[in-house]
Peer 1: 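Dropping the structure in here first, questions after.
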There are 2 protein chains.
Amino acid sequence: MTGEYTVRTMLHLASQPLGTMTQISEIVKAWEIPEHFLRKIVQLLTKSNLILSRRGMGGGIELAKPAEEITLLEVIEAAEGKMALNKCLVRRGMCHRDPWCAVHLVWHEAQEKLKEVLRSKSIAELAKQSLARREQIYSLPLQVGL
Amino acid sequence: MTGEYTVRTMLHLASQPLGTMTQISEIVKAWEIPEHFLRKIVQLLTKSNLILSRRGMGGGIELAKPAEEITLLEVIEAAEGKMALNKCLVRRGMCHRDPWCAVHLVWHEAQEKLKEVLRSKSIAELAKQSLARREQIYSLPLQVGL
DNA sequence: TCATTATGAGACAAAAAAAGTCTCTTTTTA
DNA sequence: TAAAAAGAGACTTTTTTTGTCTCATAATGA
């Protein structure tokens, strides 16, 4: 669920007017996320410099840069760590078959293709598309959450 | 490890002369796999019709069709079940955001790219490449295992 | 027919990873 | 200085993965 919650949070922030500070508790309400769990995820996003946070009254979180410049890959890796389809891709030399194992090469290739797709989508794009698709399907006024 | 063990087993079988019955205990020795665990995996491969088994003296397992006709994707899915990068890809309608969530589409696209790579490699090809690469690196006579 | 040599099946256990909870701290601002 | 926000970390629970054990079934050959 971590990746799921993380993306929801970023989409939420991307759909806020620029310069708005959003409270974590607001995101928790809008999407269905356990509060304390989300707080930990948000800390990871902050450490990865994808969002900025401010404590105290009137505080909250906001995107650290324009949503157009944040890719889905960045977001997911910030929360779940570097992607690795297979253990032997995690770090070189972990598996003693590495030097000759052809399967290793295939995993690597597959992983690159996967990352390429995730890297090609910005949070801005996804947020816009989701809103558009939802509006089209339900013909409802836009509203954040659910 | 399941996927790992499964692939090793299939590569082992692919490198045997045609018509050979290979015993599970032999594979266990050649590669580093817990015996009882591998027995269960082999059962999955049998049920997926990727290998044939025969009990009793002189029995063992063998590929059910030429290694050229078995893809890496088939092998992995036989042992680990259908791939799903994300929960919402498992079955339609599981997530109520499906109809409009743009992220869902991206996951789908990424998954297809991934599967495409795995589907493009046959077990025969991988076995051959691995042997060749190993020979080149170590300049050793070919030997199964490790 | 019976002992031997294989795989088949399924319950069970242990370990690891993921998800979720709780409590206390720190910072900011009014 | 009180209230409102995020920060940090220990802890627990749940789920998934990995591994083990025991008995059943099938085939073969003496």
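Below, chain A is the first sequence line, B the second, and so on; all start at residue 1.
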Peer 1: Side-chain heavy atoms under 4.5 angstrom apart, residues restricted to Ile, Leu, Val, Met, Phe, Trp, Tyr: same cluster for Leu18(A) and Leu50(A)?
Peer 2: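 The answer is no; the residues belong to distinct hydrophobic clusters.
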Peer 1: Would Val7(B) end up clustered with Leu105(A) when hydrophobic side chains under 4.5 Å apart are linked, directly or stepwise?
Peer 2: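 Shared cluster, no.
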Peer 1: How many whole angstroms separate atom CD1 of Ile24(A) from atom P of dG20(C)?
Peer 2: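 Interatomic distance, CD1 of Ile24(A) to P of dG20(C): 16 Å.
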Peer 1: Taking the side chain from Ser48(A) and the backbone from Leu45(A), do they hold a donor-acceptor pair closer than 3.5 Å?
Peer 2: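 Judged by distance alone, no pair lies under 3.5 Å.
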Peer 1: For Lys47(B), enumerate each residue passing the side-chain hydrogen bond (donor to acceptor under 3.5 Å, both in side chains) test, keeping only those at least two apart in sequence or located in another chain.
Peer 2: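 Not a single residue meets the side-chain hydrogen bond (donor to acceptor under 3.5 Å, both in side chains) criterion with Lys47(B).
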Peer 1: Please give, in whole Å, the distance from dT7(C) P to Leu13(B) CG?
Peer 2: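 Whole-Å distance recorded here is 11 Å.
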Peer 1: Kindly indicate whether the side chain of Val103(B), heavy atoms from C-beta on, has any atom under 4.5 Å from the side chain of Leu11(A).
Peer 2: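 Contact flag for Val103(B)/Leu11(A) side chains = yes.
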Peer 1: So, is Ser25(A) near the phosphate of dA5(D), with a side-chain N or O under 4.0 Å from OP1 or OP2?
Peer 2: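 Ser25(A) to dA5(D) OP1/OP2: no side-chain N or O under 4.0 Å.
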Peer 1: Could you list by number each residue of residues 72-80 of chain A showing a heavy-atom separation from DNA chain D of less than 4.0 Å, or answer none if no residue does?
Peer 2: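 Going residue by residue through residues 72-80 of chain A, none turns out to have a heavy atom under 4.0 Å of DNA chain D.
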Peer 1: Take atom CD of Gln23(A) and atom C1' of dT28(C), then tell me their distance rounded to the nearest Å.
Peer 2: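 So the CD-C1' distance, Gln23(A) to dT28(C), works out to 13 Å.
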Peer 1: Mind calculating the distance between CE (Met21(A)) and C1' (dT28(C)) to the nearest angstrom?
Peer 2: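 Computing the Met21(A):CE to dT28(C):C1' distance gives 11 Å.
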Peer 1: Within the side chain of Ser130(A), is there an N or O that forms a donor-acceptor pair under 3.5 Å with the backbone of Ala102(B)?
Peer 2: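 Between the backbone of Ala102(B) and the side chain of Ser130(A) there is a qualifying donor-acceptor contact (under 3.5 Å).
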Peer 1: NA contact type, Ile61(B), heavy-atom cut-off 4.0 Å: base, sugar-phosphate, or nothing?
Peer 2: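 Touches nothing.
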Peer 1: Please indicate whether Lys65(B) has more than 12 foreign heavy atoms, meaning atoms of other residues, nucleotides or ligands, lying under 6.0 Å from its NZ.
Peer 2: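 Yes, because the 6.0 Å sphere around NZ of Lys65(B) holds more than 12 heavy atoms from other groups.
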Peer 1: Contacts to DNA chain D from residues 35-53 of chain B, heavy-atom cutoff under 4.0 Å, which residues?
Peer 2: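 Going residue by residue through residues 35-53 of chain B, the ones with a heavy atom under 4.0 Å of DNA chain D turn out to be His36(B), Phe37(B), Lys40(B).
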Peer 1: Would the base of dT26(C) count as contacting Arg55(A) through its side chain, where contact means a donor and an acceptor less than 3.5 Å apart?
Peer 2: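 Pair found.
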Peer 1: Can you see if the side chain of Tyr5(B) gets near the phosphate of dG19(D) - specifically, an N or O under 4.0 Å from OP1 or OP2?
Peer 2: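 So the side-chain polar atoms of Tyr5(B) do come within 4.0 Å of the phosphate oxygens OP1 or OP2 of dG19(D), strictly under.
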Peer 1: Expressed as a whole number of angstroms, how long is the span from Ile33(B):CD1 to dT20(D):C1'?
Peer 2: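 Rounding to the nearest Å, CD1 of Ile33(B) and C1' of dT20(D) are 16 Å apart.
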Peer 1: Tell me whether Glu74(A) contacts the main-chain N or O of Thr71(A) through its side chain, where contact means a donor paired with an acceptor under 3.5 Å.
Peer 2: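 At least one qualifying donor-acceptor pair exists.
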Peer 1: Which residue lies toward the 5' end of DNA chain C, Arg54(A) or Gly3(A), if each is placed at its nearest nucleotide?
Peer 2: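 It is Gly3(A) whose nearest nucleotide is closer to the 5' end.
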Peer 1: Using a strict 4.0 Å threshold on nitrogen-to-oxygen distance, state whether Lys113(B) and Glu116(A) make a salt bridge.
Peer 2: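 No.
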